[in-house]
Amino acid sequence: MMKRALCQGLAAGTAGVLVMTLGEKIEQRVTGRPDSHVPARTLERLAGLPERPGRQPTAVNWAMHLGQGALLGVLRSVMAHAGLRGPWSSAKFTVVRLTNDQILENATGVGAPPPTWPRQELVVDLLHKAVYAFATGAVADALAARSGPGPGRRHAALRPGRHTDVGPLPRGTARGR
């Protein structure tokens, strides 16, 4: 399952980044908001690369933007393979995506906590991250569905709802054997 989740997750995450980026470019045309170079500045600090404040490191920006989205897609794929699928799981994944950004940006001193942002910027960021999470989730869910329902969904099918008298799936069944 993990090898499949890795490959499918990279594909799902990349698809999510592409959909998010398209949405960002449309939004920027409408609002006039400039490109953010926070991803590049964050990667420069994480990798110990030299910082050039007067230049906009476009290649580094794209590397962080695409790389981070593709890698996080692996987690969403693992969720889907475990049986955590659909809009509820994509909503949970939106929080993971936002948290990942904030940890990296704040730990490196590149970003500031979201409560300190102007409300308009916060809304735009939340919207774009949600688009990423739901697009990534749709692809991850579709790819994982080809392997069956996943152990969580097989457990839920034993008896709908939560019941104290329904124990876990047997080990071999949990892994889909």
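- Put simply, the side chain of D35 reaches to within 4.5 Å of the side chain of K25, judged on heavy atoms.
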Taking it one step at a time, do M64 and L46 satisfy side-chain contact (heavy atoms from CB on, under 4.5 Å)? CA-CA 10 Å; M64 183 65 165; L46 288 170; 4.0 Å; yes
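- Residues P34 and Q28 share a closest heavy-atom pair of O-NE2, 3.1 Å.
- The backbone N or O of A80 lies less than 3.5 Å from a partner atom in the side chain of R85, making a donor-acceptor pair.
- A distance of 10.5 Å separates NE2 in H128 from CG in L22, rounded to the nearest 0.5 Å.
- In this structure, the separation between OG1 on T99 and NZ on K129 is 11.0 Å, given to the nearest 0.5 Å.
- Note on R146 versus D141: no salt bridge recorded, every NZ/NE/NH1/NH2 to OD/OE distance being 4.0 Å or above.
- Shortest non-hydrogen contact noted between R55 and P57 is O-CD, 3.2 Å.
- By the criterion of side-chain heavy atoms lying less than 4.5 angstrom apart, applied directly or through intervening Ile, Leu, Val, Met, Phe, Trp or Tyr residues, L43 is not grouped with V38; the two fall into different hydrophobic clusters.
- Checking side-chain atoms of T31 against main-chain N and O of E27 turns up a donor-acceptor pair under 3.5 Å.
- Note: the hydrophobic cluster containing W117 does not contain V123 (ILVMFWY, side chain heavy atoms under 4.5 Å, direct or indirect links).
- Taking each heavy atom of A135 and G16 in turn, the nearest pair found is CB-CA, 4.0 Å.
- Using a distance-only test at 3.5 Å, with no hydrogens or angles considered, a donor-acceptor pair links the side chain of N61 to the main chain of S36.
- No continuous path of ILVMFWY side-chain contacts below 4.5 Å connects L18 to V74, so the two sit in separate hydrophobic clusters.
- To the nearest 0.5 Å, the span separating CE on M20 from CG on L66 amounts to 8.5 Å.
- We find the CZ-CD distance between R29 and E24 to be 14.0 Å, quoted to the nearest 0.5 Å.
- Minimum interatomic distance between S89 and M79 (heavy atoms only, all atoms of both residues): O-CE, 3.5 Å.
- Residue S77 comes nearest to Q8 through the heavy atom pair OG-CB, 3.8 Å, listed as atom of the first residue, atom of the second, then distance.
- Taking the charged nitrogens against the carboxylate oxygens, E51 and R45 do have a contact shorter than 4.0 Å, which makes a salt bridge.
- Counting heavy atoms from C-beta outward, E121 and D125 have side chains that stay 4.5 Å or more apart.
- A donor-acceptor distance shorter than 3.5 angstrom exists from the side chain of Y132 to the backbone of G69, with no hydrogens or angles considered.
- Hydrophobic clustering places L84 together with L75 (ILVMFWY residues linked when any side-chain heavy atoms are closer than 4.5 Å, directly or through intermediates).
- Atom CG of L126 and atom CZ of R97 lie 12.0 Å apart (nearest 0.5 Å).
- Interatomic distance, L143 CG to R4 CZ, rounded to the nearest 0.5 Å: 11.0 Å.
- Listed by chain and residue number, nothing satisfies the side chain to side chain donor-acceptor pair (under 3.5 Å) test with T42 (two or more places apart in sequence, or in another chain).
- Cluster annotation: F93 and V17 are assigned to the same hydrophobic cluster (Ile/Leu/Val/Met/Phe/Trp/Tyr, side-chain heavy-atom contacts under 4.5 Å, transitive).
- Shortest non-hydrogen contact noted between G86 and R76 is O-NH2, 3.6 Å.
- For T136 (side chain) and A133 (main-chain N/O), no donor-acceptor pair under 3.5 Å exists by modelled atom type.
- A donor-acceptor pair under 3.5 Å links the side-chain atoms of N106 to the main chain of Q102, judged by distance alone.
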